Amino acid sequence: MRILVDVPGTELRAQELGKTPIDAYIARLDAALPGPRRKKADLLTEARDGLIDATEALEADGLSRSDAERQAIEDFGEIGEILPDYRAELGYAQGRRTAILMAATIMIQPIVWLDDTWLWNRDPAHDADPAQLWLNGFVENAGAVTLCLAVVVLVATGFGLRYPAVRGVVTKVTGVVGLLTSALIGSTAIVMALLGNPGLLGALTGIMWVSVFVLGPLSAVVFSAQRCLRLA
């Protein structure tokens with residue numbers, strides 16, 4: 001059996017019998033917010049606690065529990081009104097996570113491509129290959145640039161907390177940098193694996209290890225970066 005909870009200004013849909021107006025409101029807010037689970041849980045807990053405190057104050061003024069909850073929700077604001085602020089908070093947290101993932105992924109690349117160490121770069125015959133030599137140099141330069149970008153973004157997402165006005169910009173820039181960096185590193189890693197391993201079996205072996213140590217971590221960066229852009 002379902003009932004319609006009539007709360008002015010909140011547009012709450014039909015909820016299961018027995019669910020309080022505050023429970024229904026928090027459930028809708030939860031469904032409308034993507035982002036890091038821990039940060040979202042903290043925000044939802046704060047919202048619930050604030051609504052409960054407001055409800056208890058209204059009850060002390062003589063309202064019934066149900067009416068007090070409805071009034072507290074109305075004073076708190078419609079979902080559409082408060083959603084941008086909550087999304088901004090989650091976007092900032094997602095940006096921080098993206099920056100950390102990106103920096104960690106880039107920092108392991110020198111280990112991944114250590115000469116004559118792993119299965120995908122043990123062939124000495126390819127050391128004199130002009131394409132391989134050029135690509136090695138490109139990777140070193142690109143790695144330095146992307147590492148610097150990752151550090152800048154990491155610092156920006158740290159200091160950005162002090163300046164709410166720029167959080168949206170920092171989140172969006174972090175998402176863009178994360179996607180571009182992932183595309184550059186991923187494509188370069190695939191090319192290096194193919195050039196450094198002759199034959200079909202060698203190429204497949206190289207791609208397999210690159211998938212584990214490069215493309216796998218980058219997929220997490222891409223997922224997080226896309227969330228940044230959705231929340232920005």
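All of these numbers come straight from a predicted model, not from anything done at the bench.
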Check: Same cluster for Ile26 and Ile73 if Ile/Leu/Val/Met/Phe/Trp/Tyr side chains link at under 4.5 Å?
Finding: yes

Checklist line | Common cluster, Leu179/Val152, ILVMFWY with side-chain heavy-atom separation under 4.5 Å | finding: no

Margin query: Could you measure the distance from the OG1 atom of Thr105 to the CE atom of Met107? Nearest 0.5 Å is fine.
Written below: 10.5 Å

Checklist line | Same apolar cluster (I L V M F W Y, side chains within < 4.5 Å links), Leu147/Val177 | finding: yes

Check: Hey, does Leu58 have a side-chain heavy atom less than 4.5 Å from the side chain of Asp67?
Finding: no

Notebook entry, point to check: Going from CZ on Arg96 to CG on Leu101, what distance comes out if it is rounded to the nearest 0.5 angstrom?
Noted result: 11.5 Å

Next item on the list: Take Ile106 and Leu149, measure what side-chain contact (heavy atoms from CB on, under 4.5 Å) needs, and give me the verdict at the end.
Entry: CA-CA 10 Å; Ile106 294 172; Leu149 284 174; over 6 Å; no

Next item on the list: May I have the step-by-step check of side-chain contact (heavy atoms from CB on, under 4.5 Å) for Ile79 and Tyr25, ending in yes or no?
Entry: CA-CA 8 Å; Ile79 295 293; Tyr25 185 87; 3.7 Å; yes

Check: Are side-chain heavy atoms of Val214 and Leu218 found at a separation under 4.5 Å?
Finding: yes

Less than 3.5 Å apart, which donor and acceptor atoms pair up between the side chains of residues 221-232 and the rest of the protein, not counting sequence neighbours?
from   : atom 1 : to    : atom 2 : distance (Å)
Ser224 : OG     : Gln94 : NE2    : 2.7
Ser224 : OG     : Thr98 : OG1    : 2.5
Arg227 : NH1    : Gly35 : O      : 3.2

Item checked: Heavy-atom closest pair, residues Ala189 and Val210 -> CB-CG1, 3.7 Å

Checklist line | Flag side-chain contact, heavy atom, 4.5 Å: Glu59 against Thr55 | finding: yes

Next item on the list: Go through the steps to decide whether Gln71 and Asp75 satisfy the test side-chain hydrogen bond (donor to acceptor under 3.5 Å, both in side chains), and finish with yes or no.
Entry: CA-CA 6 Å; Gln71 185 61 51; Asp75 294 340; 2.9 Å; yes

Note to self: Show, in sequence, the C-alpha distance, side-chain angles and deciding distance for Leu43 and Glu46, and conclude whether the side-chain contact (heavy atoms from CB on, under 4.5 Å) test is met.
What the structure shows: CA-CA 5 Å; Leu43 291 177; Glu46 290 177 6; 4.2 Å; yes

Margin query: Looking at every non-hydrogen atom in both residues, tell me the closest pair between Ala72 and Leu51 and how far apart they are.
Written below: O-CD2, 3.6 Å

Check: Does a side-chain heavy-atom distance below 4.5 Å link Arg48 with Thr45?
Finding: no

Next item on the list: Look up atom CG in Leu29 and atom NZ in Lys40, then write down how far apart they are to the nearest 0.5 Å.
Entry: 8.5 Å

Notebook entry, point to check: Should Val145 and Met102 be regarded as members of a common hydrophobic cluster, given that ILVMFWY residues are connected when their side-chain heavy atoms come within less than 4.5 Å of each other, either directly or indirectly?
Noted result: yes

Notebook entry, point to check: What distance do Arg37 atom CZ and Leu90 atom CG have between them, rounded to the nearest 0.5 Å?
Noted result: 13.5 Å

Note to self: If you define the side chain from C-beta out and look only at heavy atoms, does anything of Ser211 sit under 4.5 Å from Ile207?
What the structure shows: yes

Notebook entry, point to check: Taking only residues two or more places apart in sequence, or in another chain, which ones meet Ala93 in a side-chain contact (heavy atoms from CB on, under 4.5 Å)?
Noted result: Pro36, Lys39

Notebook entry, point to check: Which heavy-atom pair separates Arg70 from Pro21 by the least distance, and what is that distance?
Noted result: CG-CG, 4.3 Å

Note to self: Quick one about Asp23 and Thr20 (side-chain donor to acceptor, distance below 3.5 Å, no hydrogens or angles considered), yes or no?
What the structure shows: yes

Next item on the list: Check the pair Leu180, Leu184 against side-chain contact (heavy atoms from CB on, under 4.5 Å), reporting the backbone distance first and the verdict last.
Entry: CA-CA 6 Å; Leu180 292 178; Leu184 176 63; over 6 Å; no

Note to self: Taking Leu33 as the starting point, is it possible to reach Ile22 by hopping between hydrophobic residues whose side chains are less than 4.5 Å apart?
What the structure shows: yes

Next item on the list: Over all heavy atoms of both residues, which pair between Ala183 and Ser187 is shortest? Give the atoms and the distance, please.
Entry: O-OG, 2.8 Å

Item checked: Carboxylate-amine/guanidinium contact Glu69 Arg65, below 4.0 Å -> yes

